Asks: 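Next up is a structure, given as structure tokens.
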Protein chains: 2
Amino acid sequence: MSTSDIQGGYHHGDLKRALVEEALALLGEEGADGIGLRQLARRVGVSPAAPYRHFAGRQALLEAVAAEGFRRFAVLMDTARTGLPEDGQLVAMAQAYVQFALEQPSLFRLMFSRQVDKQGNVDLQAAAREAYASLATAAAREDEAAPAETAVITWSFVHGLAMLLLDDQILGVSPDNRDSLVRRLAGRFVAGIRAAVAHGV
Amino acid sequence: MSTSDIQGGYHHGDLKRALVEEALALLGEEGADGIGLRQLARRVGVSPAAPYRHFAGRQALLEAVAAEGFRRFAVLMDTARTGLPEDGQLVAMAQAYVQFALEQPSLFRLMFSRQVDKQGNVDLQAAAREAYASLATAAAREDEAAPAETAVITWSFVHGLAMLLLDDQILGVSPDNRDSLVRRLAGRFVAGIRAAVAHGV
DNA sequence: GCGCCGATGTTAACAGTGCTCACGGCAGAT
DNA sequence: ATCTGCCGTGAGCACTGTTAACATCGGCGC
């Protein structure tokens, strides 16, 4: 009786999970602002106060959703690189990073918004770190002299690119040429790193 | 009688500006979520419905605040590069970019949040573009073969770095070593571009 | 089998919010 | 002096997060 059992009764069965899932579904339709505890409770079919048995408040619920988002993000990033030669992993992961951001814009925004507090939520913090781990590792491999710095630079570039695309800030980008743009930019960026490493900066 | 005149009367004088300024002040204290039209009206000393004479709604008010943020951002970026040799401008602007984000975290977040819609607000869109202009120009100068791509890559890197620092996502960063870290990373990034350009990628 | 009890749900209520609408007062143009 | 339009007021609606007191269920000790 652990996950989604006989939910037809006074007790729901697995309300906590149901709330998070419903919130994720709702995030696909509207932004994080439109996601409220009462609306969520209504959708799941419980009273407005029921969620408070499982979450300290709205923020706690949002943090649980964000943590789940980071877990899915981590899986996606890891899937993107498996089976590829080492010198192609970075570009592939950059594409996956951007793809996730654009396919789940509201979730991605929530994950990096101020509505969730990574300092005060260990679970969330751990999920976030894990998501970056594979990207950082691949980036660090490019530059054995200064792995940490190269990792941060790469991560910054990819994250920023995702953000700017999400904001539709880059001119002349349409859904069709977007993938190729990301591939081109990421390739160019990686080439820059390799050139710098090769010629000793 | 254009700005802040005799405000002691039935009519306020320059309520629109007063609301935006109060909102900016409030942003320094709490996040954008804590900023409400009623609270704002209360602080300024008008009735709850008064703001609706100047803004279509809460979102419009937030967009005006964000636009003002972009204008200040643009000034800061431009100030940062003036008087410097061309080959040092990029790093200086990167520092200014990050500094702005860290000094006004709530405003910066608002500027790039979904709460403001850059597509549907021409004023806001223009202010945003202007803010990036000088950074993009300086970046484009580095690579005459592919100026646009290099500009986007640089912009992505700087924006991502600011975001990650804002999120306290980068390990081992404290207020004292932060500036030097940004300078080092930005310098390294620029060196990468130059190496790639010099050796033809 | 029985009663208790903690976990989990419900109902009612409070304060606060965005937003709308009908109204009222001020100021400059006619 | 009157008219007109801008700008602020007040009341009210529907909604939200959150809390407190109460109800119900399932499992545990007896």
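None of the values given here were measured: they were computed from a predicted structure. All values below were derived from every heavy atom in this structure, side-chain atoms included, with hydrogens, water molecules and symmetry-related copies excluded. Naming: A, B, ... by sequence-line order, numbering from 1 per chain.
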Asks: So that I can tick it off, tell me whether A/D123 and A/R71 are bridged by a salt bridge, with the cut-off set at under 4.0 angstrom between side-chain N and carboxylate O.
Replies: yes

Asks: Between P on C/dT8 and CG on A/D14, what's the gap in Å once rounded to a whole number?
Replies: 10 Å

Asks: Separation of A/L61 atom CG from D/dG17 atom P, in whole Å?
Replies: 9 Å

Asks: Of B/S47 and A/G36, whose closest DNA chain D nucleotide lies nearer the 5' terminus?
Replies: B/S47

Asks: If you find the nucleotide of DNA chain C closest to B/G57 and the one closest to A/G45, which residue's nucleotide is nearer the 5' end?
Replies: A/G45

Asks: Choose from C/dC19, C/dT10, D/dT9 the nucleotide whose nearest atom is closest to any side-chain atom of B/V46.
Replies: D/dT9

Asks: Using only modelled atom types and a 3.5 angstrom limit, is any donor from either the side chain of B/R38 or the base of C/dG18 paired with an acceptor on the other?
Replies: yes

Asks: Output every pair passing salt bridge (Lys or Arg N to Asp or Glu O under 4.0 Å) with a member in residues 19-36 of chain A, not counting sequence neighbours, ordered by first then second residue.
Replies: A/E22-A/R43, A/E29-A/R43

Asks: Just the rounded figure in Å: distance from P of C/dG18 to CG of A/D33.
Replies: 12 Å

Asks: Which nucleotide wins on minimum distance to the side chain of A/Y52, given the candidates C/dC19, D/dT18, C/dT10?
Replies: D/dT18

Asks: Return the value, rounded to whole Å, for the distance between atom CD of A/E30 and atom P of D/dT16.
Replies: 11 Å

Asks: Going by salt bridge (charged side-chain N to carboxylate O under 4.0 Å, His left out), name the residues that satisfy it together with B/E144, two or more places apart in sequence or in a different chain.
Replies: none

Asks: Which whole-number value in Å describes the distance from A/R17 CZ to C/dT8 P?
Replies: 14 Å

Asks: Check every atom of D/dT9, D/dG17, C/dT11 against the side chain of A/P48 and return the nucleotide holding the closest atom.
Replies: C/dT11

Asks: Strictly by salt bridge (Lys or Arg N to Asp or Glu O under 4.0 Å), give each pair with a member in residues 111-121 of chain B just once, sequence neighbours left out.
Replies: A/D167-B/K118

Asks: Over 60° means perpendicular and under 30° means parallel, so tell me whether A/F73 and A/F108 are parallel, tilted or perpendicular.
Replies: perpendicular

Asks: For B/H54 and D/dC6, is the shortest distance between a side-chain N/O and OP1 or OP2 below 4.0 Å?
Replies: no

Asks: Of the options D/dT9, D/dG17, C/dT17, whose atoms approach the side-chain atoms of A/R58 most closely?
Replies: D/dG17

Asks: In residues 112-121 of chain A, which residues come under 4.0 Å of DNA chain C by heavy atom?
Replies: none

Asks: Tell me: CG of A/L26 to P of D/dT16, nearest whole Å?
Replies: 11 Å

Asks: Would you confirm whether A/R129, through its side chain, and B/Q169, through its main-chain N or O, come within 3.5 Å as a donor-acceptor pair?
Replies: yes

Asks: By side chain to side chain contact (heavy atoms under 4.5 Å, CB included), which residues pair with B/A96, not counting sequence neighbours?
Replies: B/M77, B/A80

Asks: Please give, in whole Å, the distance from D/dC15 C1' to A/R43 CZ?
Replies: 16 Å

Asks: Between the opening five pairs and the closing five pairs of the helix from C/dG1-D/dC30 to C/dT30-D/dA1, how far apart are the helix axes, to 10°?
Replies: 10°

Asks: Checking the side chain of A/R58 only, and the main-chain atoms of A/I35 only, is there a donor and an acceptor separated by less than 3.5 Å?
Replies: yes

Asks: So does B/R53 reach the base of D/dG8 with its side chain, donor to acceptor, closer than 3.5 Å?
Replies: yes

Asks: Return the value, rounded to whole Å, for the distance between atom CG of A/L15 and atom C1' of C/dT10.
Replies: 13 Å

Asks: Keeping the roles fixed (side chain from B/N177, backbone from B/S174), state whether a donor-acceptor pair exists under 3.5 Å.
Replies: yes

Asks: Determine yes or no for a side-chain-to-main-chain donor-acceptor pair under 3.5 angstrom, with A/Q89 supplying the side chain and A/L84 the backbone.
Replies: yes

